[in-house]
Enquirer: 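Have a look at the structure that comes next, please.
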Amino acid sequence: MTFSQAILNGDRLALARLLTKVENNSEEGRSALMELFPHTGKAHLIGVTGAPGTGKSSLVNQLALHYRKHEDKRVAIVAVDPSSPFTGGAVLGDRVRMRDLSGDPNVFIRSMASRGSLGGLAQATANVVQVFDAAGFDIIIVETVGAGQSEVDIARLAHTTLVVEAPGLGDDIQAIKAGILEIADILVVNKADRPGVENTEKALKTMLELAHPTERVFQHHGTYMGMSAPKKNPNAKMWIPPIQRTVSTEGNGIPELADAIAKHVEHLRSSGDWALRERTRLEVELEALIRNGLMNRFREDIPAERYEETLEAVVQRKVSPWEAATALLNGRSK
Amino acid sequence: MTEKKIRVLVAKPGLDGHDRGAKVIARALRDAGMEVIYTGLRQTPEMIAEAALQEDVDVVGLSVLSGAHMALTPRVMELLRANGQSHVKVFLGGIIPDEDLHRLMEMGVAGVYGPGASTEDIIRDIKTAVAA
Ligand code: B12
Ligand SMILES: Nc1nc2c(ncn2[C@@H]2O[C@H](COP(=O)(O)OP(=O)(O)OP(=O)(O)O)[C@@H](O)[C@H]2O)c(=O)[nH]1
Ligand SMILES: [Mg+2]
């Protein structure tokens, strides 16, 4: 039986092994991804991001428990932690907070090292998510690296992005990272049992009020905004990110958070944003593949010496990068 | 490009709370370029085998300082086999009396280490075992 068949049949060992192959970007992994692709597009992807130690893993643990107990959904979790830039190794510790989920065959937790990627996810995270989607998990929760330099990656990947804050990390507006409002669909103030919740919440509210409500769909600056592009419902109300308090060590506020997530899904469906996000995500993926493919083809066509010579001419300021690029591109299939 | 990393699950089975050794090992293996999944304290053999499966690890490292290693180790190995993971190498560290060594090796444990064991030796042994 092939990998993809085994996975569609619910074989957990095959699933685990394919995840490794996909993570390693192996030939076998890529061909299984191709076979599995028609089975994707069903899961709800929830992203969880926020500063280190705010309680992301604990929150994921509680959310997953909630979906298991109250909605009987199959839940996959992808937890990304940073790789050491010096050795390439990593300690992946998010499972420590997810022990409540063990023993449940409808939960699958996978830890991933970022492997040099800076956006808070690993390069292969999107592909790993596709495998879980095809394997029939209804909800896929992705926990990002705490110190992601730009959390836009997760907002592009997920349908619903939770940004987790906690009291005591410096509660003034400056301390709350600029830009999170652009990616947060829901703001979570975790550790609400700690003193200072009110301050954190107030700071977030102020930020929300200062920000003009903006369209939260990542419009892609693609050239082909074709006629088949899904249309936004013009009557849809703007989504204003709600602020939810939680205590993830106890589970307080989790049902309310799950409610807010469900409302967000409803909003995405009724506004047309769901389809728009799907399209944007796939377009970004397609473009990246084309870019890689073109680059590889170009490298094959151009003799290495010619490339080196041109580069050297640029380094010596004899030719500008623009002229050099044009010359190389024109001389491509000479 | 295919990038192959050694993936290791470092687990503390049983009830003892001595976690310094496990953390030292986790960090040493990271510094040797491995990806280490750390599960934390008080793991049952079932939890360990489940995590080993989900994470598709090459190695399971158990740290036991409570004296319960002769019960916990074979149980973990049995579950790994039952899950189709008999290829996973099992390493053991902690307070392990010499008289147990022979039986542990017979069970198929790939390496046993006590207080003061050098992390360099451990790293070398893991790399050798995984390559084999
Ligand atoms: C520090 C310590 C504690 C600390 C633990 C702090 C912590 N968070 O870890 C505290 C004070 C809490 C503690 C408490 C107790 N302790 Co104590 N403790 C020790 C002590 C002195 C050192 C352990 C240590 O941290 N060593 C440093 C680390 C780096 O070394 P290591 O764990 O051995 O790891 C090395 C190797 O074993 C190996 N290794 C370890 N794990 C792994 C895993 C893998 C995969 C690999 C490859 C290698 C490997 O590599 C490491 C590097 O060399 C030992 C005595 C000793 N000399 O070992 C007693 C000792 C372990 N404790 C003991 C006891 C009895 C207790 C208590 C029950 C005491 C009591 N009556 O209250 C409690 C129980 C606590 C509990 N909840 O389980 C006994 C255990 C007896 C036994 N097993 O037969 C010991 C041996 C002392 C003794 N001689 O009696 N303890
Ligand atoms: N008091 C309190 N502590 C919490 C709460 N949620 C999490 N914690 C604690 O905060 C610490 C960090 O929790 P994690 O869930 O590991 O946080 P994280 O954001 O996943 O951390 P990284 O993955 O390392 O960035 C742990 O000690 C948790 O027990 C909470 O609601 N209240
Ligand atoms: Mg975490």
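Computed from a prediction, not measured in an experiment: that's the story for all the values here. Letters A, B, ... are given to chains in the order of the sequence lines, protein chains preceding strands, and every chain is numbered from 1.
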Enquirer: Assess the residue pair A:N24 and B:K5 against the criterion (side chain to side chain contact (heavy atoms under 4.5 Å, CB included)); give the C-alpha distance rounded to whole Å, side-chain angles, the decisive distance to 0.1 Å, and a yes or no.
Expert: CA-CA 9 Å; A:N24 292 339; B:K5 291 261 176 214; 5.6 Å; no
Enquirer: Mind checking the CD-OG1 spacing from B:E55 to A:T20? Nearest 0.5 Å is all I need.
Expert: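 So the CD of B:E55 and the OG1 of A:T20 are separated by 9.0 Å.
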Enquirer: Which atoms of A:R97 are under 4.5 Å from chain B, going by heavy atoms: the side chain, the backbone, both sets, or neither?
Expert: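 Neither the backbone nor the side chain of A:R97 comes within 4.5 Å of chain B.
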Enquirer: Applying a criterion of heavy atom separation less than 4.5 Å, what residues of residues 78-88 of chain B form contacts with chain A?
Expert: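 Checking residues 78-88 of chain B against chain A gives B:N83, B:G84, B:Q85, B:H87.
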Enquirer: Run the side chain to side chain contact (heavy atoms under 4.5 Å, CB included) test on B:E46 and A:S102 for me, step by step, so that the C-alpha distance in whole Å, both residues' side-chain angles and the decisive distance to 0.1 Å come before the verdict.
Expert: CA-CA 9 Å; B:E46 285 75 13; A:S102 64; over 6 Å; no
Enquirer: Determine the sole option in A:K21, A:E23, A:R17 for which the side chain to side chain contact (heavy atoms under 4.5 Å, CB included) test with B:D56 is passed.
Expert: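 Between B:D56 and the candidates, side chain to side chain contact (heavy atoms under 4.5 Å, CB included) is satisfied uniquely by A:R17.
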Enquirer: Please check if the number of heavy atoms outside A:K42 that lie under 6.0 Å from its NZ is greater than 12.
Expert: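 Counting other residues, nucleotides and ligands, NZ of A:K42 exceeds 12 neighbours.
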Enquirer: Chain A contacts: which residues in residues 32-40 of chain B have a non-hydrogen atom closer than 4.5 Å to it?
Expert: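 Counting heavy atoms that sit under 4.5 Å from chain A, the residues of residues 32-40 of chain B involved are B:G33, B:M34, B:E35, B:V36, B:I37, B:Y38, B:T39, B:G40.
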Enquirer: Are there residues of residues 97-112 of chain B whose heavy atoms fall under 4.5 Å of chain A's heavy atoms? If so, which?
Expert: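 Residues of residues 97-112 of chain B touching chain A at under 4.5 Å: none.
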Enquirer: Do you know which of A:A16, A:A90, A:S83 has the most heavy-atom pairs under 4.5 Å to chain B?
Expert: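 Looking at each option in turn, the highest pair count goes to A:A90.
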Enquirer: Residue by residue, which of residues 2-15 of chain A have a heavy atom closer than 4.5 Å to a heavy atom belonging to chain B?
Expert: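 Answer by number: A:R12, A:L13.
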Enquirer: Around atom CD of A:E35, are there more than 12 heavy atoms from other residues, nucleotides or ligands closer than 6.0 Å?
Expert: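 Correct, the count exceeds 12.
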Enquirer: Quick check on B:R42 against chain A: is it the side chain, the backbone, both or neither that has a heavy atom closer than 4.5 Å?
Expert: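 Both parts, backbone and side chain.
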Enquirer: Flag the one option from B:I6, B:V8, B:D31, B:T44 with the top tally of heavy-atom pairs under 4.5 Å to chain A.
Expert: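 Going by pairs under 4.5 Å, I would pick B:D31.
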Enquirer: To the nearest 0.5 Å, what is the distance between OG on A:S26 and NZ on B:K4?
Expert: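 These two atoms lie 10.0 Å from each other.
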Enquirer: At a heavy-atom distance under 4.5 Å, which candidate from B:L53, B:L29, B:V10 has the highest pair count against chain A?
Expert: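 Most heavy-atom pairs within the cutoff with chain A belong to B:L53.
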Enquirer: Go through the atoms of B:L41 and report whether side chain, backbone, both or neither lie under 4.5 Å from a heavy atom of chain A.
Expert: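 The backbone, not the side chain.
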Enquirer: From B:E50 CD over to A:L101 CG, what is the distance, rounded to the nearest 0.5 angstrom?
Expert: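 The distance works out to 9.0 Å.
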